[in-house]
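The structure appears below as C-alpha coordinates.
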Amino acid sequence: VQVNGEAIDLTSREYALLEIFMQNPGRILTRTLISEKIWASHYDVDTNLLDVYMSRLRSKLETTPGKPLFKTVRGVGYQLL
Amino acid sequence: VKSISARLTIWYALTATATLAVLFVVGYYMLQNHMVKQLDQLNETQYKQLRTALGPNYASLTPEVINDRIRDTTESASTLFYIDMHGPMTNRFFKSSNLHGQSIPDIPGEHVFNADVPGIGLLRVREFILPPFEVIVATPLAPVADVMIGYVKVSAALIVVMLLVSIALGFGLSQMVLRPVRTIRDTANRIRSDNLKERIPVDAVKDEISELGRLLNQMFDRLETAFDQIRRFTADASHELKTPLSLVRLHAERLLMSSATDPLQKESLHVQLEELARVNQIIDELLFLSRADAQAIAIDAKPQGPAGFLHTFAQDASALADYHGRHFTYTHEGEGEVAFEEKRMRQVLLNLLANALNASPPEGRITLHSTLTGGMWRIAVEDEGPGLNPEQRRQLFERFVRFGVPSASDKGSGLGLAICRSIVQLHKGRIFALGGENGRGLRMVIEIPA
(Lines give C-alpha, C1' and ligand atoms only; values in the text may rest on other atoms or scores of the structure.)
Protein backbone atom coordinates (compact mmCIF):
# COMPACT_ATOMS: atom_id res chain seq x y z
CA VAL A 1 0.00 0.00 0.00
CA GLN A 2 1.25 3.45 -0.79
CA VAL A 3 0.36 6.61 1.10
CA ASN A 4 1.35 9.82 -0.68
CA GLY A 5 3.77 7.82 -2.79
CA GLU A 6 5.36 6.22 0.27
CA ALA A 7 5.26 2.42 0.69
CA ILE A 8 3.74 1.23 3.95
CA ASP A 9 3.95 -2.34 5.30
CA LEU A 10 0.67 -3.72 6.53
CA THR A 11 0.10 -7.02 8.30
CA SER A 12 -2.41 -9.38 6.74
CA ARG A 13 -5.04 -8.41 9.33
CA GLU A 14 -4.51 -4.69 8.73
CA TYR A 15 -4.69 -5.24 5.02
CA ALA A 16 -7.95 -7.20 5.31
CA LEU A 17 -9.38 -4.40 7.43
CA LEU A 18 -8.41 -1.73 4.92
CA GLU A 19 -9.86 -3.82 2.12
CA ILE A 20 -13.27 -3.86 3.77
CA PHE A 21 -13.25 -0.07 4.07
CA MET A 22 -12.11 0.40 0.47
CA GLN A 23 -15.00 -1.75 -0.72
CA ASN A 24 -17.47 0.41 1.22
CA PRO A 25 -16.19 4.00 1.03
CA GLY A 26 -18.23 6.50 3.01
CA ARG A 27 -20.39 3.85 4.60
CA ILE A 28 -20.53 3.42 8.34
CA LEU A 29 -19.43 -0.12 9.04
CA THR A 30 -20.60 -1.63 12.33
CA ARG A 31 -18.15 -3.40 14.57
CA THR A 32 -20.21 -6.57 14.30
CA LEU A 33 -20.01 -6.49 10.53
CA ILE A 34 -16.25 -5.93 10.44
CA SER A 35 -15.60 -8.57 13.10
CA GLU A 36 -17.62 -11.12 11.24
CA LYS A 37 -15.80 -10.43 7.99
CA ILE A 38 -12.33 -10.68 9.50
CA TRP A 39 -12.63 -13.17 12.36
CA ALA A 40 -15.87 -14.91 11.44
CA SER A 41 -17.12 -14.14 14.94
CA HIS A 42 -19.21 -11.48 16.63
CA TYR A 43 -17.61 -8.37 18.05
CA ASP A 44 -16.15 -9.07 21.49
CA VAL A 45 -16.62 -6.19 23.92
CA ASP A 46 -14.03 -7.56 26.35
CA THR A 47 -11.03 -7.72 24.06
CA ASN A 48 -11.74 -4.73 21.73
CA LEU A 49 -9.40 -6.36 19.24
CA LEU A 50 -11.00 -4.38 16.39
CA ASP A 51 -10.21 -1.09 18.11
CA VAL A 52 -6.63 -2.25 18.56
CA TYR A 53 -6.27 -2.90 14.82
CA MET A 54 -8.02 0.36 13.93
CA SER A 55 -5.55 2.31 16.03
CA ARG A 56 -2.65 0.50 14.33
CA LEU A 57 -4.11 1.15 10.89
CA ARG A 58 -4.61 4.81 11.73
CA SER A 59 -1.10 5.29 13.04
CA LYS A 60 0.25 3.86 9.79
CA LEU A 61 -2.05 5.55 7.29
CA GLU A 62 -3.11 8.87 8.82
CA THR A 63 0.20 10.57 8.12
CA THR A 64 -1.23 14.06 7.55
CA PRO A 65 -2.04 15.76 10.88
CA GLY A 66 -5.55 17.19 11.06
CA LYS A 67 -6.71 15.12 8.12
CA PRO A 68 -8.09 11.82 9.45
CA LEU A 69 -8.91 8.97 7.09
CA PHE A 70 -11.26 7.15 9.40
CA LYS A 71 -14.07 8.38 11.56
CA THR A 72 -15.05 6.58 14.73
CA VAL A 73 -18.81 6.39 15.18
CA ARG A 74 -19.00 5.65 18.86
CA GLY A 75 -21.16 2.72 19.82
CA VAL A 76 -21.60 1.78 16.17
CA GLY A 77 -18.41 1.35 14.21
CA TYR A 78 -16.04 3.08 11.78
CA GLN A 79 -16.32 5.01 8.53
CA LEU A 80 -13.78 5.63 5.78
CA LEU A 81 -13.99 9.29 4.91
CA VAL B 1 -7.82 -31.42 69.42
CA LYS B 2 -9.41 -30.64 66.06
CA SER B 3 -10.19 -34.04 64.61
CA ILE B 4 -13.14 -36.04 65.91
CA SER B 5 -11.19 -39.18 65.19
CA ALA B 6 -8.41 -38.09 67.58
CA ARG B 7 -10.97 -37.08 70.22
CA LEU B 8 -12.80 -40.41 69.98
CA THR B 9 -9.51 -42.28 70.25
CA ILE B 10 -8.44 -40.33 73.33
CA TRP B 11 -11.81 -40.68 75.05
CA TYR B 12 -11.96 -44.38 74.32
CA ALA B 13 -8.40 -45.02 75.51
CA LEU B 14 -8.87 -42.96 78.69
CA THR B 15 -12.18 -44.55 79.71
CA ALA B 16 -11.02 -48.08 78.98
CA THR B 17 -7.76 -47.60 80.87
CA ALA B 18 -9.39 -45.78 83.79
CA THR B 19 -11.97 -48.56 84.16
CA LEU B 20 -9.21 -51.14 84.26
CA ALA B 21 -7.26 -49.06 86.80
CA VAL B 22 -10.31 -48.81 89.10
CA LEU B 23 -10.81 -52.56 88.84
CA PHE B 24 -7.17 -53.12 89.78
CA VAL B 25 -7.51 -50.85 92.86
CA VAL B 26 -10.63 -52.72 94.03
CA GLY B 27 -8.81 -55.99 93.37
CA TYR B 28 -5.87 -54.78 95.44
CA TYR B 29 -7.99 -54.26 98.53
CA MET B 30 -9.91 -57.49 98.07
CA LEU B 31 -6.75 -59.54 97.68
CA GLN B 32 -5.07 -57.89 100.66
CA ASN B 33 -8.11 -58.44 102.82
CA HIS B 34 -8.33 -62.07 101.79
CA MET B 35 -4.68 -62.75 102.58
CA VAL B 36 -4.81 -61.05 105.97
CA LYS B 37 -7.92 -63.08 106.86
CA GLN B 38 -5.97 -66.25 106.05
CA LEU B 39 -3.24 -65.12 108.44
CA ASP B 40 -5.88 -64.59 111.12
CA GLN B 41 -7.10 -68.12 110.57
CA LEU B 42 -3.57 -69.48 110.77
CA ASN B 43 -3.10 -67.67 114.06
CA GLU B 44 -6.32 -69.21 115.39
CA THR B 45 -5.35 -72.72 114.33
CA GLN B 46 -2.01 -72.29 116.03
CA TYR B 47 -3.75 -71.16 119.21
CA LYS B 48 -6.07 -74.18 119.13
CA GLN B 49 -3.07 -76.49 118.88
CA LEU B 50 -1.48 -74.71 121.82
CA ARG B 51 -4.55 -75.16 123.94
CA THR B 52 -4.75 -78.84 123.08
CA ALA B 53 -1.09 -79.24 123.97
CA LEU B 54 -1.55 -77.52 127.31
CA GLY B 55 -4.48 -79.80 128.27
CA PRO B 56 -7.60 -79.00 130.31
CA ASN B 57 -5.81 -78.28 133.61
CA TYR B 58 -3.37 -75.77 132.19
CA ALA B 59 -3.92 -73.29 135.04
CA SER B 60 -2.15 -75.50 137.57
CA LEU B 61 0.91 -76.23 135.44
CA THR B 62 4.29 -74.81 136.32
CA PRO B 63 5.88 -72.34 133.90
CA GLU B 64 8.55 -74.92 132.97
CA VAL B 65 5.98 -77.49 131.88
CA ILE B 66 4.09 -74.86 129.92
CA ASN B 67 7.29 -73.80 128.25
CA ASP B 68 8.13 -77.36 127.18
CA ARG B 69 4.66 -78.08 125.84
CA ILE B 70 4.42 -74.91 123.81
CA ARG B 71 7.89 -75.35 122.39
CA ASP B 72 7.02 -78.90 121.24
CA THR B 73 3.95 -77.57 119.43
CA THR B 74 5.52 -74.53 117.84
CA GLU B 75 8.57 -76.40 116.65
CA SER B 76 6.40 -78.74 114.63
CA ALA B 77 4.65 -75.77 112.96
CA SER B 78 5.71 -75.08 109.38
CA THR B 79 4.89 -71.39 109.53
CA LEU B 80 6.80 -68.85 111.54
CA PHE B 81 4.81 -67.89 114.63
CA TYR B 82 5.58 -65.49 117.39
CA ILE B 83 3.95 -66.43 120.67
CA ASP B 84 3.75 -64.39 123.85
CA MET B 85 1.86 -65.84 126.84
CA HIS B 86 1.56 -63.97 130.07
CA GLY B 87 -0.52 -63.94 133.21
CA PRO B 88 -2.66 -61.19 134.65
CA MET B 89 0.26 -59.38 136.31
CA THR B 90 2.38 -59.56 133.13
CA ASN B 91 4.48 -62.35 134.56
CA ARG B 92 5.58 -64.23 131.48
CA PHE B 93 4.98 -67.90 131.15
CA PHE B 94 6.23 -68.22 127.65
CA LYS B 95 7.85 -66.10 124.98
CA SER B 96 9.04 -67.60 121.70
CA SER B 97 12.78 -67.36 121.21
CA ASN B 98 12.41 -65.67 117.79
CA LEU B 99 11.11 -62.54 119.60
CA HIS B 100 14.63 -62.13 121.01
CA GLY B 101 13.24 -60.91 124.32
CA GLN B 102 11.04 -58.21 122.81
CA SER B 103 7.35 -57.99 123.56
CA ILE B 104 4.58 -57.68 121.02
CA PRO B 105 2.91 -54.35 121.75
CA ASP B 106 -0.66 -54.65 122.91
CA ILE B 107 -3.43 -52.40 121.66
CA PRO B 108 -6.00 -52.23 124.45
CA GLY B 109 -9.53 -53.21 123.43
CA GLU B 110 -8.42 -54.77 120.09
CA HIS B 111 -8.12 -58.53 119.60
CA VAL B 112 -6.98 -58.53 115.99
CA PHE B 113 -4.50 -55.90 114.85
CA ASN B 114 -1.19 -55.14 113.15
CA ALA B 115 1.85 -54.40 115.25
CA ASP B 116 5.35 -53.28 114.39
CA VAL B 117 8.11 -54.99 116.37
CA PRO B 118 11.54 -53.43 115.97
CA GLY B 119 13.98 -55.80 114.23
CA ILE B 120 11.23 -58.21 113.23
CA GLY B 121 8.88 -56.07 111.20
CA LEU B 122 5.14 -55.79 110.76
CA LEU B 123 3.14 -58.62 112.37
CA ARG B 124 -0.46 -59.73 112.20
CA VAL B 125 -1.46 -60.23 115.83
CA ARG B 126 -4.35 -62.11 117.39
CA GLU B 127 -5.06 -62.02 121.12
CA PHE B 128 -6.75 -64.97 122.88
CA ILE B 129 -7.96 -65.09 126.45
CA LEU B 130 -7.20 -68.34 128.23
CA PRO B 131 -7.99 -67.41 131.85
CA PRO B 132 -5.94 -66.57 133.73
CA PHE B 133 -3.59 -66.14 130.84
CA GLU B 134 -3.52 -63.99 127.77
CA VAL B 135 -2.07 -65.69 124.69
CA ILE B 136 -0.80 -63.58 121.80
CA VAL B 137 -0.16 -65.32 118.48
CA ALA B 138 1.45 -63.32 115.63
CA THR B 139 2.52 -64.03 112.03
CA PRO B 140 4.72 -61.80 109.86
CA LEU B 141 2.91 -59.63 107.29
CA ALA B 142 5.94 -59.42 105.00
CA PRO B 143 4.78 -62.20 102.57
CA VAL B 144 1.48 -60.35 102.10
CA ALA B 145 3.36 -57.11 101.36
CA ASP B 146 5.56 -59.01 98.85
CA VAL B 147 2.51 -60.36 97.03
CA MET B 148 0.92 -56.90 96.97
CA ILE B 149 4.07 -55.32 95.50
CA GLY B 150 4.05 -57.99 92.80
CA TYR B 151 0.38 -57.30 92.17
CA VAL B 152 1.00 -53.56 91.77
CA LYS B 153 3.86 -54.19 89.34
CA VAL B 154 1.79 -56.55 87.19
CA SER B 155 -1.19 -54.13 87.29
CA ALA B 156 0.95 -51.16 86.22
CA ALA B 157 2.36 -53.16 83.29
CA LEU B 158 -1.14 -54.27 82.28
CA ILE B 159 -2.44 -50.69 82.45
CA VAL B 160 0.31 -49.54 80.11
CA VAL B 161 -0.51 -52.40 77.72
CA MET B 162 -4.22 -51.55 78.00
CA LEU B 163 -3.50 -47.90 77.18
CA LEU B 164 -1.62 -48.82 74.01
CA VAL B 165 -4.15 -51.44 72.93
CA SER B 166 -7.10 -49.12 73.57
CA ILE B 167 -5.47 -46.29 71.60
CA ALA B 168 -5.07 -48.66 68.65
CA LEU B 169 -8.62 -50.00 69.06
CA GLY B 170 -10.08 -46.53 69.53
CA PHE B 171 -8.33 -45.25 66.41
CA GLY B 172 -9.58 -48.21 64.38
CA LEU B 173 -13.13 -47.77 65.68
CA SER B 174 -13.17 -44.03 65.02
CA GLN B 175 -11.94 -44.60 61.48
CA MET B 176 -14.73 -47.10 60.97
CA VAL B 177 -17.37 -44.78 62.42
CA LEU B 178 -16.14 -41.75 60.46
CA ARG B 179 -15.79 -43.40 57.08
CA PRO B 180 -19.34 -42.51 55.94
CA VAL B 181 -18.81 -38.96 57.22
CA ARG B 182 -15.73 -38.67 55.02
CA THR B 183 -17.69 -39.91 52.03
CA ILE B 184 -20.33 -37.24 52.70
CA ARG B 185 -17.66 -34.56 53.04
CA ASP B 186 -15.92 -35.53 49.78
CA THR B 187 -19.15 -35.74 47.82
CA ALA B 188 -20.51 -32.47 49.19
CA ASN B 189 -17.24 -30.83 48.24
CA ARG B 190 -17.56 -32.06 44.67
CA ILE B 191 -21.14 -30.84 44.22
CA ARG B 192 -21.07 -27.38 42.69
CA SER B 193 -23.46 -25.31 40.65
CA ASP B 194 -22.31 -27.07 37.50
CA ASN B 195 -22.31 -30.54 39.02
CA LEU B 196 -25.64 -30.77 40.79
CA LYS B 197 -26.44 -34.25 39.54
CA GLU B 198 -24.12 -36.08 41.93
CA ARG B 199 -25.54 -37.53 45.15
CA ILE B 200 -24.08 -38.88 48.37
CA PRO B 201 -24.04 -42.68 48.39
CA VAL B 202 -26.40 -43.79 51.19
CA ASP B 203 -26.33 -47.20 52.91
CA ALA B 204 -29.46 -49.30 52.87
CA VAL B 205 -29.08 -49.65 56.66
CA LYS B 206 -30.97 -46.94 58.50
CA ASP B 207 -28.76 -45.17 61.00
CA GLU B 208 -27.95 -41.59 62.00
CA ILE B 209 -25.39 -41.09 59.26
CA SER B 210 -27.38 -42.60 56.41
CA GLU B 211 -30.25 -40.39 57.61
CA LEU B 212 -27.97 -37.36 57.34
CA GLY B 213 -26.91 -38.46 53.85
CA ARG B 214 -30.56 -38.85 52.82
CA LEU B 215 -31.44 -35.40 54.16
CA LEU B 216 -28.48 -33.80 52.36
CA ASN B 217 -29.50 -35.57 49.15
CA GLN B 218 -33.02 -34.22 49.52
CA MET B 219 -31.51 -30.76 49.94
CA PHE B 220 -29.46 -31.26 46.77
CA ASP B 221 -32.63 -32.37 44.96
CA ARG B 222 -34.35 -29.13 45.93
CA LEU B 223 -31.30 -27.10 44.97
CA GLU B 224 -31.07 -28.82 41.62
CA THR B 225 -34.75 -28.13 40.91
CA ALA B 226 -34.32 -24.50 41.88
CA PHE B 227 -31.19 -24.21 39.74
CA ASP B 228 -32.93 -25.77 36.76
CA GLN B 229 -35.75 -23.26 37.13
CA ILE B 230 -33.27 -20.41 37.23
CA ARG B 231 -31.46 -21.75 34.18
CA ARG B 232 -34.67 -22.14 32.24
CA PHE B 233 -35.69 -18.65 33.24
CA THR B 234 -32.32 -17.25 32.15
CA ALA B 235 -32.56 -18.99 28.80
CA ASP B 236 -36.13 -17.81 28.24
CA ALA B 237 -35.41 -14.28 29.39
CA SER B 238 -32.30 -13.91 27.23
CA HIS B 239 -34.17 -15.26 24.26
CA GLU B 240 -37.10 -12.90 24.80
CA LEU B 241 -34.75 -9.93 25.22
CA LYS B 242 -32.94 -10.44 21.92
CA THR B 243 -35.62 -9.04 19.59
CA PRO B 244 -36.60 -5.90 21.54
CA LEU B 245 -32.93 -5.18 22.07
CA SER B 246 -32.09 -5.23 18.38
CA LEU B 247 -35.09 -2.97 17.73
CA VAL B 248 -33.84 -0.47 20.32
CA ARG B 249 -30.44 -0.63 18.69
CA LEU B 250 -31.82 -0.12 15.22
CA HIS B 251 -33.78 2.96 16.27
CA ALA B 252 -30.84 4.43 18.13
CA GLU B 253 -28.65 4.00 15.04
CA ARG B 254 -31.31 5.61 12.87
CA LEU B 255 -31.56 8.59 15.23
CA LEU B 256 -27.79 8.93 15.19
CA MET B 257 -27.75 9.18 11.40
CA SER B 258 -30.58 11.70 11.32
CA SER B 259 -29.53 15.29 10.74
CA ALA B 260 -32.26 16.49 13.08
CA THR B 261 -30.42 15.11 16.15
CA ASP B 262 -28.31 17.73 17.96
CA PRO B 263 -24.76 16.91 19.24
CA LEU B 264 -25.84 16.53 22.88
CA GLN B 265 -28.46 13.96 21.93
CA LYS B 266 -25.90 12.22 19.70
CA GLU B 267 -23.53 11.94 22.65
CA SER B 268 -26.11 10.14 24.76
CA LEU B 269 -26.99 7.92 21.80
CA HIS B 270 -23.31 6.89 21.58
CA VAL B 271 -23.33 5.93 25.23
CA GLN B 272 -26.59 4.03 24.76
CA LEU B 273 -25.19 2.10 21.81
CA GLU B 274 -22.02 1.22 23.67
CA GLU B 275 -23.97 -0.09 26.62
CA LEU B 276 -26.36 -1.91 24.32
CA ALA B 277 -23.42 -3.72 22.78
CA ARG B 278 -22.41 -4.87 26.24
CA VAL B 279 -25.93 -6.02 27.13
CA ASN B 280 -26.10 -7.80 23.83
CA GLN B 281 -22.89 -9.63 24.53
CA ILE B 282 -23.99 -10.70 28.00
CA ILE B 283 -27.24 -12.02 26.55
CA ASP B 284 -25.35 -13.90 23.86
CA GLU B 285 -23.13 -15.43 26.52
CA LEU B 286 -26.10 -16.44 28.67
CA LEU B 287 -27.83 -17.94 25.66
CA PHE B 288 -24.70 -19.86 24.76
CA LEU B 289 -24.40 -21.27 28.27
CA SER B 290 -28.04 -22.28 28.52
CA ARG B 291 -27.84 -23.95 25.13
CA ALA B 292 -24.66 -25.73 26.23
CA ASP B 293 -26.49 -26.87 29.40
CA ALA B 294 -29.27 -28.23 27.26
CA GLN B 295 -26.65 -29.93 25.03
CA ALA B 296 -28.07 -28.00 22.07
CA ILE B 297 -24.71 -26.85 20.72
CA ALA B 298 -22.92 -28.85 18.08
CA ILE B 299 -19.25 -28.35 17.46
CA ASP B 300 -18.11 -28.11 13.87
CA ALA B 301 -14.74 -29.72 14.49
CA LYS B 302 -12.36 -30.27 11.60
CA PRO B 303 -9.12 -32.25 11.91
CA GLN B 304 -6.20 -29.89 11.33
CA GLY B 305 -2.69 -29.14 12.50
CA PRO B 306 -2.79 -26.56 15.30
CA ALA B 307 0.35 -24.75 14.09
CA GLY B 308 -1.44 -22.64 11.48
CA PHE B 309 -4.27 -21.78 13.82
CA LEU B 310 -1.85 -20.75 16.54
CA HIS B 311 0.16 -18.64 14.14
CA THR B 312 -2.94 -16.67 13.11
CA PHE B 313 -4.04 -16.34 16.72
CA ALA B 314 -0.58 -15.14 17.74
CA GLN B 315 -0.89 -12.18 15.33
CA ASP B 316 -4.01 -10.96 17.10
CA ALA B 317 -2.59 -11.82 20.49
CA SER B 318 0.61 -9.85 19.89
CA ALA B 319 -1.35 -6.86 18.57
CA LEU B 320 -3.56 -6.93 21.65
CA ALA B 321 -0.64 -7.37 24.04
CA ASP B 322 1.31 -4.51 22.42
CA TYR B 323 -1.73 -2.27 22.68
CA HIS B 324 -1.90 -2.97 26.44
CA GLY B 325 1.86 -2.62 26.92
CA ARG B 326 2.44 -6.36 27.61
CA HIS B 327 4.44 -9.00 25.76
CA PHE B 328 3.07 -12.14 24.19
CA THR B 329 5.15 -15.12 23.08
CA TYR B 330 4.15 -18.60 22.01
CA THR B 331 5.71 -21.95 21.23
CA HIS B 332 4.31 -25.04 19.57
CA GLU B 333 5.78 -28.52 19.52
CA GLY B 334 4.58 -31.73 17.96
CA GLU B 335 3.21 -32.81 14.62
CA GLY B 336 -0.17 -34.22 13.79
CA GLU B 337 -3.80 -33.27 13.58
CA VAL B 338 -6.45 -32.60 16.14
CA ALA B 339 -10.15 -32.04 15.56
CA PHE B 340 -11.40 -28.64 16.74
CA GLU B 341 -13.56 -25.73 15.65
CA GLU B 342 -11.25 -22.83 14.89
CA LYS B 343 -13.72 -20.07 15.73
CA ARG B 344 -14.61 -21.49 19.15
CA MET B 345 -11.04 -22.30 20.16
CA ARG B 346 -10.01 -18.82 19.11
CA GLN B 347 -12.72 -17.47 21.41
CA VAL B 348 -11.35 -19.56 24.28
CA LEU B 349 -7.76 -18.46 23.75
CA LEU B 350 -8.77 -14.81 23.34
CA ASN B 351 -10.64 -15.00 26.61
CA LEU B 352 -7.67 -16.52 28.42
CA LEU B 353 -5.46 -13.86 26.86
CA ALA B 354 -7.79 -11.03 27.92
CA ASN B 355 -7.76 -12.34 31.51
CA ALA B 356 -3.98 -12.69 31.44
CA LEU B 357 -3.63 -9.13 30.09
CA ASN B 358 -5.79 -7.81 32.90
CA ALA B 359 -3.83 -9.68 35.55
CA SER B 360 -0.37 -8.83 34.18
CA PRO B 361 1.75 -6.00 35.48
CA PRO B 362 2.89 -3.43 32.87
CA GLU B 363 5.54 -4.94 30.59
CA GLY B 364 4.49 -8.35 31.90
CA ARG B 365 5.05 -11.43 29.80
CA ILE B 366 2.25 -13.74 28.69
CA THR B 367 3.36 -17.06 27.30
CA LEU B 368 1.45 -19.73 25.43
CA HIS B 369 2.93 -23.21 25.20
CA SER B 370 1.27 -25.68 22.92
CA THR B 371 2.26 -29.33 22.60
CA LEU B 372 0.71 -32.11 20.59
CA THR B 373 2.05 -35.42 21.87
CA GLY B 374 0.67 -38.81 22.82
CA GLY B 375 -2.76 -38.10 21.38
CA MET B 376 -3.25 -34.97 23.50
CA TRP B 377 -3.18 -31.32 22.50
CA ARG B 378 -2.13 -29.35 25.52
CA ILE B 379 -2.19 -25.54 25.63
CA ALA B 380 -0.94 -23.61 28.63
CA VAL B 381 -1.38 -19.84 28.94
CA GLU B 382 0.68 -18.33 31.72
CA ASP B 383 0.81 -14.79 33.06
CA GLU B 384 2.99 -12.95 35.58
CA GLY B 385 0.11 -11.55 37.60
CA PRO B 386 -0.57 -12.08 41.31
CA GLY B 387 -2.15 -15.51 40.73
CA LEU B 388 -4.99 -17.12 42.67
CA ASN B 389 -5.16 -19.44 45.66
CA PRO B 390 -6.19 -23.10 45.14
CA GLU B 391 -9.78 -22.52 46.30
CA GLN B 392 -10.20 -19.61 43.87
CA ARG B 393 -8.68 -21.71 41.10
CA ARG B 394 -11.36 -24.34 41.69
CA GLN B 395 -14.20 -21.79 41.59
CA LEU B 396 -12.77 -19.93 38.63
CA PHE B 397 -14.92 -21.63 35.99
CA GLU B 398 -18.24 -21.12 37.72
CA ARG B 399 -20.64 -18.52 36.41
CA PHE B 400 -20.40 -14.92 37.56
CA VAL B 401 -17.33 -15.72 39.63
CA ARG B 402 -14.85 -12.85 39.49
CA PHE B 403 -11.66 -12.23 41.41
CA GLY B 404 -9.54 -9.17 41.77
CA VAL B 405 -10.51 -5.52 41.77
CA PRO B 406 -12.81 -4.64 38.87
CA SER B 407 -11.04 -1.98 36.83
CA ALA B 408 -11.99 0.20 33.93
CA SER B 409 -10.16 -2.08 31.52
CA ASP B 410 -11.83 -5.21 32.91
CA LYS B 411 -15.55 -5.06 32.30
CA GLY B 412 -16.12 -8.78 31.82
CA SER B 413 -19.42 -10.35 32.72
CA GLY B 414 -17.89 -13.18 34.76
CA LEU B 415 -19.18 -15.66 32.19
CA GLY B 416 -16.07 -15.84 30.02
CA LEU B 417 -14.39 -18.78 31.71
CA ALA B 418 -17.67 -20.65 32.12
CA ILE B 419 -18.05 -20.37 28.36
CA CYS B 420 -14.44 -21.43 27.82
CA ARG B 421 -15.07 -24.53 29.85
CA SER B 422 -18.25 -25.33 27.93
CA ILE B 423 -16.40 -24.99 24.64
CA VAL B 424 -13.49 -27.14 25.79
CA GLN B 425 -15.90 -29.76 27.11
CA LEU B 426 -17.71 -29.75 23.78
CA HIS B 427 -14.32 -30.73 22.33
CA LYS B 428 -14.24 -33.57 24.89
CA GLY B 429 -11.35 -31.84 26.61
CA ARG B 430 -10.84 -30.24 29.97
CA ILE B 431 -9.60 -26.89 31.23
CA PHE B 432 -8.10 -26.15 34.61
CA ALA B 433 -6.03 -23.56 36.43
CA LEU B 434 -2.67 -24.15 38.07
CA GLY B 435 -0.30 -21.93 39.98
CA GLY B 436 2.38 -20.43 37.77
CA GLU B 437 5.96 -21.60 37.88
CA ASN B 438 8.07 -19.97 40.62
CA GLY B 439 4.87 -19.65 42.69
CA ARG B 440 3.71 -16.53 40.83
CA GLY B 441 1.08 -15.92 38.23
CA LEU B 442 -1.61 -18.18 36.91
CA ARG B 443 -1.35 -20.99 34.39
CA MET B 444 -4.47 -21.98 32.49
CA VAL B 445 -4.25 -25.40 30.89
CA ILE B 446 -6.44 -26.84 28.16
CA GLU B 447 -6.23 -30.49 27.17
CA ILE B 448 -8.00 -31.74 24.09
CA PRO B 449 -7.70 -35.36 22.94
CA ALA B 450 -6.41 -35.56 19.36
Side-chain angles (χ1 to χ4, degrees), chain A residues 1 3 8-21 24-63 68-81, chain B residues 246 249-250 252-257 266-282 284-285 288 300 311-324 341-347 349-358 409-416 419:
Chain A
V1 180
V3 178
I8 306 254
D9 280 336
L10 290 185
T11 65
S12 57
R13 284 271 193 255
E14 290 157 5
Y15 187 80
L17 197 56
L18 182 61
E19 206 177 359
I20 294 169
F21 282 108
N24 303 280
R27 252 186 77 187
I28 296 171
L29 302 177
T30 64
R31 286 190 162 113
T32 312
L33 185 99
I34 304 172
S35 294
E36 264 163 15
K37 290 230 175 198
I38 295 186
W39 293 285
S41 78
H42 64 90
Y43 171 69
D44 188 351
V45 180
D46 298 333
T47 52
N48 66 348
L49 193 52
L50 176 57
D51 303 322
V52 172
Y53 274 113
M54 281 310 296
S55 79
R56 286 165 80 110
L57 201 56
R58 280 178 155 162
S59 68
K60 284 184 177 178
L61 301 182
E62 293 179 345
T63 45
L69 285 172
F70 300 97
K71 186 188 167 198
T72 309
V73 186
R74 278 184 56 205
V76 182
Y78 295 93
Q79 183 183 18
L80 178 65
L81 296 169
Chain B
S246 28
R249 186 175 177 86
L250 200 71
E253 280 174 1
R254 201 181 284 168
L255 264 178
L256 200 60
M257 301 307 145
K266 279 197 173 165
E267 176 58 30
S268 54
L269 281 171
H270 288 312
V271 175
Q272 273 182 36
L273 282 167
E274 275 171 5
E275 292 308 311
L276 274 175
R278 184 171 305 285
V279 174
N280 210 37
Q281 174 155 347
I282 293 173
D284 280 346
E285 288 175 347
F288 177 88
D300 182 20
H311 180 74
T312 318
F313 170 74
Q315 277 183 27
D316 292 342
S318 300
L320 212 50
D322 282 351
Y323 181 79
H324 289 277
E341 186 179 337
E342 215 170 305
K343 191 174 118 183
R344 301 266 189 223
M345 282 310 288
R346 185 179 164 278
Q347 192 186 343
L349 293 186
L350 261 185
N351 203 300
L352 297 187
L353 178 71
N355 288 339
L357 286 172
N358 274 326
S409 59
D410 172 22
K411 289 182 192 153
S413 55
L415 291 171
I419 289 175

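Chain identifiers are assigned alphabetically (A, B, ...) following the order of the sequence lines, protein sequences preceding nucleic acid strands; residue numbering begins at 1 within each chain.
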Which of Val271(B), Asn280(B), Leu320(B), Leu269(B) touches chain A most, by non-hydrogen pairs under 4.5 Å: Leu320(B)

For Gln315(B), is it the side chain, the backbone, both or neither that has a heavy atom under 4.5 Å from a heavy atom of chain A? both

The side-chain contact (heavy atoms from CB on, under 4.5 Å) partner of Tyr78(A) among Ile28(A), Leu29(A), Leu50(A), Thr30(A) is Leu50(A)

Any side-chain donor-acceptor pair under 3.5 Å between Tyr53(A) and Asp316(B)? yes

With sequence neighbours left out, write down each residue that passes side-chain hydrogen bond (donor to acceptor under 3.5 Å, both in side chains) with Glu267(B), or none if nothing qualifies. Arg74(A)

For Lys71(A), the salt bridge (Lys or Arg N to Asp or Glu O under 4.0 Å) test, sequence neighbours excluded, returns none

Measure distances from Leu256(B) to the heavy atoms of chain A and classify the residue's part below 4.5 Å as side chain, backbone, both or neither. side chain

Pick one of side chain, backbone, both or neither for Arg346(B), based on which atoms fall under 4.5 Å of a heavy atom in chain A. side chain

